[in-house]
Colleague: 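Okay, handing you the structure first.
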Amino acid sequence: MKNPFKFGSVVDDDFFTDRKHELSYICGIMDSENHLILISPRRYGKSSLVLKSMKQIGRPYIMLNLQSITDANDFATRILKAVFKIYPKEKLKHLIANFHFVPTVTSDLQTGNIEVSFNPSTNGNVMLEDAIMLLEKVSSANKKLIVILDEFQEINNIGKGLDKKLRAIMQLQKNINYIFLGSQESMMEQIFEKKKSAFYHFGQMMRLNKIPQVDFEEYLSKRLSTLKNIEYKELVSEIIKITKCHPYYTQQLAFQIWDLAYREGITKNLIDESISRILLLHDFDYERIWINFNNTDKKILQMVCSDENPLSNRQLPTSTTFSALKRLMHNGYIIKDEKYEIEDPFFRRWIINYNGQ
Ligand SMILES: Nc1ncnc2c1ncn2[C@@H]1O[C@H](COP(=O)(O)OP(=O)(O)OP(=O)(O)O)[C@@H](O)[C@H]1O
Ligand SMILES: [Mg+2]
């Protein structure tokens, strides 16, 4: 039997659950003249959801992650490479012949891969503008291209003032729906909700939440019940209690439990043993992260671990606590649901163990 849980990369088919409302909402927006802005903390399932909706919609799309783009030149190159994958080469070669700086395009005959390069000394912004304008030219009104830009909050790290330049072109395009994804919530809000920002209200804002408990319970029950002699109901509620329906961590813990039970049999401390193995796997990383926190951050993390609201604790000046919380949230270690929580439930356990709380 194959482990029925998956964590880390994009999930689909048997590994994908729920998100029915979200899927139909995205399809609706892509069917209109509008763009979508999708925000959630890390690993809530943005990529999986968007790619699933692309499958349903069946229109051409390209997806670029801005986090791995180094400058405007690189951005332009990646757009062209993505476009070459889905549109006929002859048509494209003809269109790029009109660029201000004509790129070199070569194809590897064996792999079929296309390599695109611009002369590095040419103006990156101009190349990028040409590449963005090309998107509109290759798209068509009856099969509009969808352009997904992941980790869009990185836009101005790629090039200063790039947001204004892109928006000036994008706002005139008729045959493209853009999807902007981001996991740095406050930065995404700055870009799309601040009146002075170039992308102010550029599309429909959607926030992705955790997976509803009933759906996750059903998903877990169905898969865990395939194990022999298992009291799966209790197990399912224990898992949910620990991971609080976080998509990634729920799958991670369920994967570990299933693996252990399948290979070594069901034992009384199946959950504790599974958690210990996850902690062991991450021990080195967690320790490295921990020793790099300053003392204020450490204190605050410890308070959050013991379910204390750091802002009600008077040990530190409120302003110090506030800015530390902001920083820890910005870096993804703490999230605010109904209260402040450690984002990674296993890191929470590790902090408690490490500090002998
Ligand atoms: N609909 C879903 N059903 C079940 N599990 C899911 C679902 N969506 C996400 N997950 C779990 O969360 C993990 C992360 O999903 P995904 O990579 O799509 O999230 P993301 O928000 O794009 O993450 P990142 O912030 O790293 O880009 C998946 O590997 C899977 O374990
Ligand atoms: Mg993603």
Side-chain angles (χ1 to χ4, degrees), residues 2-27 36-56 61-69 78 82 146-155 157 178-189 205-224 236 239-240 242-259 274 278 281-282 285 329-335 337 343-347:
K2 224 174 95 182
N3 196 313
F5 301 102
K6 180 178 171 185
F7 60 100
S9 48
V10 163
V11 286
D12 192 9
D13 301 324
D14 277 353
F15 298 106
F16 188 95
T17 181
D18 182 51
R19 306 293 199 206
K20 291 189 186 70
H21 296 299
E22 292 91 339
L23 271 171
S24 84
Y25 185 75
I26 294 178
C27 293
L36 173 74
I37 301 144
L38 177 58
I39 305 182
S40 84
R42 291 223 52 202
R43 301 183 193 145
Y44 265 39
K46 296 176 293 299
S47 301
S48 303
L49 174 64
V50 163
L51 288 171
K52 184 134 188 126
S53 52
M54 290 307 109
K55 240 180 165 178
Q56 266 188 25
Y61 71 89
I62 63 168
M63 185 166 185
L64 301 172
N65 187 340
L66 271 59
Q67 221 157 38
S68 56
I69 293 176
R78 287 180 199 239
I146 298 172
V147 177
I148 307 160
L149 300 175
D150 204 352
E151 302 297 356
F152 188 72
Q153 73 273 347
E154 297 298 322
I155 187 68
N157 289 334
Y178 283 97
I179 300 184
F180 304 94
L181 304 182
S183 53
Q184 296 276 351
E185 294 180 70
S186 57
M187 286 166 80
M188 288 293 278
E189 279 164 7
M205 178 77 85
M206 172 180 179
R207 280 168 204 279
L208 194 61
N209 293 316
K210 292 175 180 171
I211 290 174
Q213 187 165 336
V214 275
D215 289 293
F216 237 154
E217 278 172 353
E218 196 189 312
Y219 176 86
L220 293 171
S221 302
K222 205 169 143 199
R223 284 156 185 80
L224 286 170
V236 168
I239 295 173
I240 298 284
I242 294 164
T243 64
K244 303 200 172 84
C245 288
H246 188 299
Y248 173 90
Y249 297 118
T250 308
Q251 292 251 32
Q252 183 184 20
L253 183 54
F255 179 95
Q256 185 61 55
I257 288 175
W258 195 96
D259 180 67
S274 302
I278 294 174
L281 215 60
H282 294 290
D285 293 333
M329 288 208 291
H330 178 82
N331 292 327
Y333 295 111
I334 287 183
I335 51 172
D337 225 353
E343 189 263 349
D344 175 349
F346 306 115
F347 189 35

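For the numbers below, each heavy atom of this structure counts, side chains included, while hydrogens, waters and symmetry mates do not. All ligand and atom numbering here is 1-based and tracks the order in the structure.
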Colleague: What protein N/O/S atoms are found closer than 2.8 Å to the Mg ion (ligand 2)?
Modeller: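 Listed by chain and number: Ser47 OG.
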Colleague: Looking at Arg207 and Glu189, is any side-chain nitrogen of the basic one under 4.0 Å from a carboxylate oxygen of the acidic one?
Modeller: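 Answer for the salt bridge query: yes.
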Colleague: Show every donor-acceptor pair shorter than 3.5 Å between a side-chain atom in residues 4-18 and any protein atom, with sequence neighbours excluded, or say none if there are none.
Modeller:
{"residue": "Lys6", "atom": "NZ", "partner": "Val10", "partner atom": "O", "Å": "2.9"}
{"residue": "Asp12", "atom": "OD1", "partner": "Lys52", "partner atom": "NZ", "Å": "2.9"}
{"residue": "Asp12", "atom": "OD2", "partner": "Lys55", "partner atom": "NZ", "Å": "2.5"}

Colleague: Which residues pass the side-chain contact (heavy atoms from CB on, under 4.5 Å) test with Gln213, sequence neighbours left out?
Modeller: Glu217, Ile240, Cys245
Colleague: Determine whether Glu151 and Ser68 make a side-chain contact, defined as any pair of heavy atoms from C-beta on separated by less than 4.5 Å.
Modeller: no
Colleague: Collect the protein residues that have a non-hydrogen atom under 4.0 Å from ligand 1 and hand them over in chain and number order.
Modeller: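 Around ligand 1, where the cutoff is 4.0 Å for heavy atoms, the contacting residues are Lys6, Phe7, Gly8, Ser9, Val11, Phe15, Phe16, Thr17, Arg19, Arg42, Arg43, Tyr44, Gly45, Lys46, Ser47, Ser48, Ile211, Pro247, Tyr248, Gln251.
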Colleague: To the nearest 0.5 Å, how far apart are CD in Glu218 and NZ in Lys222?
Modeller: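 Reported value, rounded in 0.5 Å steps: 7.5 Å.
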Colleague: Verify the neighbour count for atom CD of Gln56: are there more than 12 heavy atoms of other residues, nucleotides or ligands below 6.0 Å?
Modeller: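 Counting neighbours around CD of Gln56, more than 12 heavy atoms of other residues, nucleotides or ligands fall under 6.0 Å, so yes.
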Colleague: Compare all side-chain heavy atoms of Phe152 with those of Leu181 and state whether any distance is below 4.5 angstrom.
Modeller: no
Colleague: Is the distance between the ring centroids of His246 and Tyr44 less than 6.0 Å?
Modeller: yes
Colleague: State which residue, out of Tyr249, Tyr333, Tyr248, fulfils the side chain to side chain donor-acceptor pair (under 3.5 Å) condition with Glu343.
Modeller: Tyr249
